[in-house]
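What follows is a set of notes on a single structure, which appears directly below.
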2 protein chains.
Amino acid sequence: MAKKSEQIIKNLSTDSVIFGFDNSELKVLLIKLAVEPQKGEWALPGSNILTDENLDVAAKRVLKELTGLDNVYMEQLYTFGDVLRFPLFRVVTVAYFALVKIEDYQPEPGPKASDAKWFPIKKLPKLPFDHIEIINYALKRLKQRVRIRPIGFELLPMKFTLSQLQNLYETIMDVEMDKRNFRKKIIGMNLLIPLEKQKGVPHRAAKLYRFDKRKYDSLKEKGFNFEI
Amino acid sequence: MAKKSEQIIKNLSTDSVIFGFDNSELKVLLIKLAVEPQKGEWALPGSNILTDENLDVAAKRVLKELTGLDNVYMEQLYTFGDVLRFPLFRVVTVAYFALVKIEDYQPEPGPKASDAKWFPIKKLPKLPFDHIEIINYALKRLKQRVRIRPIGFELLPMKFTLSQLQNLYETIMDVEMDKRNFRKKIIGMNLLIPLEKQKGVPHRAAKLYRFDKRKYDSLKEKGFNFEI
DNA sequence: TTTACTTAGTGTATTAATTACAATATATAC
DNA sequence: GTATATATTGTAATTAATACACTAAGTAAA
């Protein structure tokens, strides 16, 4: 019998939409389920919630078990609870969305999944339950968030070029932007620290930047605006 | 024994933050609990979720039972699930927030509450559990929503003056606005239908307006922006 | 070493949106 | 008819957003 600290709440789970960006496409991390009745199907990583475990702790635990990553951007998304969303019995799931630096993590399946893989958001496999609905909702939220808060950096490597950043925004928001205007705006926010130049590229080397989280936190407190 | 359709999920509840506006103050509807152990305390209206009941249906049911109102603006807010939020055992609550036209409803307690009352948001009584946290979160959300989507109308009578509307915005967002600029912007949105004049006021009578929901829905589809 | 190729980097003029600001109009009450 | 209270309206100044094209710097190939 499981010890007390491992008792699960039968009717409650968490599922996470984990986004990554590989410089050309937005991707979602899915796992291949290892247990019946959905064995073999790709699905969102998720888990039941333990009786003595906070919701966000559960979501972070799943991410950690699956990817070995912690300290990633994560926020609660929405709670999906349709009576029929899970076919066997009633399960309400608290969905989270996470942003990870894709190059920090090349998937290796955890113990509960037989495989884990990044899928382009535009080429998702068939998903069980309401997982596609959850992903669509997460994507909508990501688009909103990225427009009003500088969270895009969470998807890029620590050091990135302005072109990479623009490319990220264009991909997520599905628009084209003017290079000069984009740079004007981003630089004007004063959240980037210029670093050395790129090396080993077969053309003019771009300057690298990193996100100034410290300054962001202090500006945020003062009620600044970060709309793109 | 309860029939099957009335089985509750022990670990899951819903709580609603119901906002009203009485032309000078923002208010929240609270109920006085009628059962131990919190008997006599004011709290957010809430209920367990039934096994065969969707989350939003549960939230609407509670509102209906409490106020007799349906067809009110309601959206899921956030899910609060701290292990210790409820002292007796683990209860995760899916919080909703609702906007009601305060004059449509003067509180009468439902069967499960010994009293129901509007409280000014700035003069709330002591609340049990994490209810104050939920209200603060709802207020934050309301401020965001009102800025980017025309939902303020949900808090006003069907017919309202521009001064009332401005007053509402000023109260919620806690800023002062210029009358001419406010009117310019609101009228420019083309979401108001002008009606007849006010009657029986001891000064120049203002023109009444109503919200054009039909036009709003069609503009929304076209991706319009409604920032104030 | 020259040329082709590729991406990086930069400024200005135009237009649109936001802000600041004050006098006149209309209703009732006394 | 005078006092009182709120409603209504426009314009100029400032700021923000947009549109737009050429030069620079690096590697690769001829």
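Side-chain atoms are counted along with the backbone in the values below, which use heavy atoms only and exclude waters and symmetry mates. Lettering of chains follows the sequences in order, A, B, ..., and the numbering in each one begins at 1. Model, not experiment: these values are computed from the prediction.
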note = Reading nucleotides 21-30 of chain D from 5' to 3' and marking B where a protein heavy atom lies under 4.0 Å of the base, S where only the sugar-phosphate is that close, and - otherwise, the string is B--BBBS---

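Listed by residue number, A/Ser163 are the residues of residues 153-178 of chain A with a heavy-atom contact under 4.0 Å to DNA chain C.
Using a 30° and 60° split on the angle between ring planes, A/Phe160 and A/Phe153 fall in the tilted class, from 30° to 60°. Relative orientation of the A/Phe97 and A/Phe19 rings is perpendicular, given thresholds of 30° and 60° on the angle between their planes. Note: A/Trp118 and A/Tyr105 have perpendicular aromatic rings, judged against thresholds of 30 and 60 degrees for the angle between ring planes.
Separation of atoms CG (B/Leu195) and CG (B/Leu208) is listed at 6.5 Å; rounding is to 0.5 Å.
Rounding to whole angstrom units, CD of residue B/Glu227 and C1' of D/dA17 are separated by 14 Å. We find that CD1 of B/Ile228 is positioned 14 Å from C1' of C/dA17, with the value rounded to whole Å. A straight line from CG of A/Asn181 to P of D/dT15 spans 19 Å, rounded to a whole angstrom. Nucleotide D/dT8 holds its C1' atom 14 Å from the CZ atom of B/Phe182, rounded to whole Å. Across the protein-nucleic acid pair, A/Lys185 atom NZ and D/dT15 atom C1' stand 13 Å apart, rounded to whole Å. Between the C1' atom of D/dT8 and the CG atom of B/Leu192 lies a distance of 15 Å, rounded to the nearest Å. Between the CG atom of A/Asn225 and the P atom of D/dA16 there is a distance of 11 Å, given to the nearest Å. Rounded to an integer number of Å, the gap from A/Asn23 CG to C/dT7 P is 13 Å.
For B/Glu227, the CD atom counts as densely surrounded, since its 6.0 Å shell holds more than 12 non-hydrogen atoms of other residues, nucleotides or ligands.
A donor-acceptor contact under 3.5 Å links the side chain of B/Lys184 to the base of C/dT19.
Remark: the backbone N or O of A/Glu133 is not paired with any side-chain donor or acceptor of A/Asp130 at under 3.5 angstrom.
Of the candidates B/Val100, B/Ile102, B/Ile172, B/Leu155 forms a side chain to side chain contact (heavy atoms under 4.5 Å, CB included) with just one, namely B/Ile172.
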Atom pairs and distances, donor-acceptor, side-chain atoms in residues 137-151 of chain B, under 3.5 Å, two or more places apart:
unit_1	atom_1	unit_2	atom_2	d
B/Arg141	NH1	B/Glu75	OE2	3.2
B/Arg141	NH1	B/Gln76	O	3.4
B/Arg141	NH2	B/Leu77	O	2.6
B/Arg145	NE	B/Glu75	OE1	3.0
B/Arg145	NE	B/Glu75	OE2	3.1
B/Arg145	NH2	B/Glu75	OE2	3.0

task = Just do the ring pair (Phe, Tyr, Trp, His ring centres under 6.0 Å) check on A/Phe226 and A/Tyr216 with the steps written out, would you?
result = CA-CA 10 Å; A/Phe226 301 100; A/Tyr216 169 61; 5.1 Å; yes

